[in-house]
Number of protein chains: 2
Amino acid sequence: MGEPRIIELPPRPLPKDLTPNVFAAECPTRRVLDRVADKWAVLILILLADGTKRFNALKRMIGGVSQKMLSQTLKSLERDGLVSRKVIPTVPVTVEYSITPLGRTLHAAVDPLRIWAETHIAAVEAAQARYDAEAGQRG
Amino acid sequence: MGEPRIIELPPRPLPKDLTPNVFAAECPTRRVLDRVADKWAVLILILLADGTKRFNALKRMIGGVSQKMLSQTLKSLERDGLVSRKVIPTVPVTVEYSITPLGRTLHAAVDPLRIWAETHIAAVEAAQARYDAEAGQRG
DNA sequence: CTGGATCCCTTTTGATACTG
DNA sequence: CAGTATCAAAAGGGATCCAG
């Protein structure tokens, strides 16, 4: 073995703050939250938690969704490991979407949102009526 | 009093289906869910649940939000009775935003989303890496 | 035919500047 | 400070086209 030398180390990268912070635009948790706090993602997750469904079944069930957004959102959910996609080589081809175990953990967090909307809709509409009445008075 | 007459009643509107259905584009619950399953709304609600804040404080805390979207989302949350706005006539004027009791019930439903993002970020990034690797192989 | 990619146009969002 | 107005950029919707 040669004699020990003093060598110059390359500058060490500053340690990144590993504390998750959903309020920081660059934080990975924030990017995930952005994609998950999305109306189409929420609706898809709720439907798939109920059982495997095909593309066009989802399209029919989710009022107002375009095929573009459905396809796009499903792809994003698949990439994030929340939904799995299975192509069945029939003629014509059928594609089945299912929720993954990870997706189920997210479903547990988003379904309360649906329930909240259903249980508090009256309170929200009352608030809107009040707000609109006041706005009307002012002009 | 005149003698009783047989009068023609105007056609009665068909009774609307009152069952809430977040999947139907026209259902009030769906419209509310759409506005609430929104990244800015979620972040604002979480911050205000922690305490009253002023407009520019929120702007500084929420990375990447534009004043337009902040102002717009706050107005929508106020209309829905989830947030209250208090103008203090100082010079220059200050405006304080607080969460309402109704907003607190929603916060209970959205905060799990933040927690989910923080606790499952590693699993999501692993899934993304797998997905991107496979996509890379294919093409 | 189903799933989905693409083109084109409308709506939403973002950046910046300006006002009470 | 707390917004609105304006204009540019991006996301979204609808129709259409294509592969399996």
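This is a predicted model, so every value here is computed, not measured. A, B, ... follow the sequence lines: proteins, then strands. Residue 1 opens every chain. The figures here come from the full heavy-atom set of this structure, side chains too, leaving out hydrogens, waters and symmetry mates.
Across the protein-nucleic acid pair, B/I44 atom CD1 and D/dA2 atom P stand 14 Å apart, rounded to whole Å. We find that CD1 of A/I88 is positioned 18 Å from P of D/dG20, with the value rounded to whole Å. Spacing between atom CG of B/D38 and atom P of C/dT12 amounts to 13 Å, rounded to whole angstrom units. The CG-P distance, from A/N56 to C/dG4, rounds to 9 Å in whole Å. Taking atom CZ on B/F55 and atom P on C/dG20, their separation rounds to 18 Å, with Å as the unit. Between A/D34 atom CG and C/dT13 atom C1' there is a gap of 13 Å when expressed in whole angstrom units. A/K68 has its NZ atom 20 Å from the C1' atom of C/dT2, to the nearest Å. One atom, NZ of A/K39, and another, P of D/dG13, lie 6 Å apart when rounded to the nearest Å.
Distances were taken from every side-chain heavy atom of B/V93 (C-beta onward) to each of D/dA2, C/dC7, C/dG4; the shortest belongs to D/dA2.
A/R35 contributes no side-chain N or O that, together with a main-chain N or O of A/D80, makes up a donor-acceptor pair within less than 3.5 Å.
If A/R85 and A/P92 are placed on DNA chain C by their nearest nucleotide, the residue sitting closer to the 5' end is A/P92. If you find the closest nucleotide of DNA chain D to B/T94 and to A/S66, the one lying nearer the 5' end belongs to B/T94.
Regarding contacts with the backbone of D/dT4, a side-chain N or O of B/S71 is found under 4.0 angstrom from either OP1 or OP2. A/R54 has no side-chain polar atom (N or O) that falls below the 4.0 Å cut-off from OP1 or OP2 of C/dT2. Distances shown here put a side-chain N or O of A/K75 below 4.0 Å from the OP1 or OP2 atom of C/dA5. Here A/Y97 reaches the OP1 or OP2 of C/dG4: one of its side-chain N or O atoms lies under 4.0 Å away. One finds no side-chain N or O of B/Q67 lying less than 4.0 angstrom from the OP1 or OP2 phosphate oxygen of C/dG14. Between A/R35 and D/dA11 there is no side-chain N or O to OP1 or OP2 distance below 4.0 Å.
B/V22 places a side-chain heavy atom less than 4.5 Å from the side chain of A/E118. The closest side-chain heavy-atom distance from A/T73 to A/V65 is not below 4.5 Å.
Of the candidates B/V87, B/I88, B/N56, B/I88 is the only one forming a side-chain contact (heavy atoms from CB on, under 4.5 Å) with B/T94.
A/K59 comes within contact range of no nucleotide atom at all, as no heavy-atom separation falls under 4.0 Å.
Put simply, A/M61 and A/L113 are part of the same group of oily side chains (I, L, V, M, F, W, Y) that touch within less than 4.5 Å, one to the next.
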